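It should be emphasised that the depicted structure is a prediction, and the values quoted were computed from it without experimental measurement. Here is how names work: the chains are called A, B, and so on, in the same order as the sequence lines, proteins then strands, and each is numbered from 1.
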Amino acid sequence: AQSVTQLGSHVSVSEGALVLLRCNYSSSVPPYLFWYVQYPNQGLQLLLKYTSAATLVKGINGFEAEFKKSETSFHLTKPSAHMSDAAEYFCAVSPPNTGNQFYFGTGTSLTVIP
Amino acid sequence: GAGVSQSPRYKVAKRGQDVALRCDPISGHVSLFWYQQALGQGPEFLTYFQNEAQLDKSGLPSDRFFAERPEGSVSTLKIQRTQQEDSAVYLCASSQVGTGFFEDGYTFGSGTRLTVV
């Protein structure tokens, strides 16, 4: 069974500070991993994805994530937070060759303090 | 269209009422998905279409939920005899990929927020 754990349902950072949002997955086979962002009253927008190529993945808006198989993690980072980064962030996994659905974490709400 | 369009954006239904939620995927996208997002939760899979064929409906919570995509484009999610626990945001997503793994992810619509009172 697939599961995704996002540690910390709420994260607050100061503007300009490092953003770190945690995601761990459980899977017998390394899955493909995604981070989505959701702004209020909007759908989910793809930030970045890991699909078994480079383990350090760069996405939009200055975000990046590193796949660490030994830790079963795919944490999302951004060196310097901007006010516009305030949103809900979801980690998702999709096991290769086992189906079409994504399994989402419960989300982390990011607040950026001016 | 340029994106995935869902209507209505908001729907308030009385308990026991039937509702229909519409999704217009991106033109030419083969695959279409419905997800349910309860308050404070991540989206959960409901069902998946490839063209007009419903290939996976394992996530539909009960037989009150029914989805169709008769011509392989627009899809409708119908909920019969709505219950309070059906209150959620219903997200539709589409993908150009027809089979295999969706390594490019989906394009999501803005969702329909259903409130059952």
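When the shell of 6.0 Å around CZ of Arg64(B) is examined, it contains more than 12 heavy atoms from other residues, nucleotides or ligands. No more than 12 heavy atoms of other residues, nucleotides or ligands sit less than 6.0 Å from atom CG of Leu39(B).
Gln41(B) approaches Phe90(A) most closely through the heavy-atom pair O-CE2, 3.8 Å.
Here the CG atom belonging to Leu46(A) is positioned 9.5 Å from the CZ atom belonging to Phe108(B), to the nearest 0.5 angstrom. Interatomic distance, Leu91(B) CG to Gln38(A) CD, rounded to the nearest 0.5 Å: 6.5 Å. Thr106(A) contributes atom OG1, which lies 10.5 Å from atom CD of Glu44(B) (distance to the nearest 0.5 angstrom).
There is no path of hydrophobic side-chain contacts, each under 4.5 Å, that joins Phe66(B) to Phe49(B). Hydrophobic clustering keeps Leu46(B) apart from Val4(B) (ILVMFWY residues linked when any side-chain heavy atoms are closer than 4.5 Å, directly or through intermediates). No continuous path of ILVMFWY side-chain contacts below 4.5 Å connects Leu114(B) to Leu44(A), so the two sit in separate hydrophobic clusters. Hydrophobic clustering (side-chain heavy atoms under 4.5 Å, transitive across Ile, Leu, Val, Met, Phe, Trp, Tyr) keeps Phe65(B) apart from Val89(B). Follow the hydrophobic side-chain contacts under 4.5 Å out from Val37(A) and you reach Ile60(A) in the same cluster.
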Note to self: Set out, in order, the CA-CA distance, both residues' side-chain angles and the distance that settles side chain to side chain contact (heavy atoms under 4.5 Å, CB included) for Phe104(A) and Phe45(B), then state yes or no.
What the structure shows: CA-CA 9 Å; Phe104(A) 286 87; Phe45(B) 172 80; over 6 Å; no
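Contacts with chain A (heavy atom to heavy atom, under 4.5 Å) involve no residue of residues 79-88 of chain B.
Tyr35(B) has its ring centre no less than 6.0 Å from the ring centre of Phe102(A).
Across Ala38(B), Pro43(B), Ala93(B), Gly42(B), the residue that shares the most heavy-atom pairs under 4.5 angstrom with chain A is Pro43(B).
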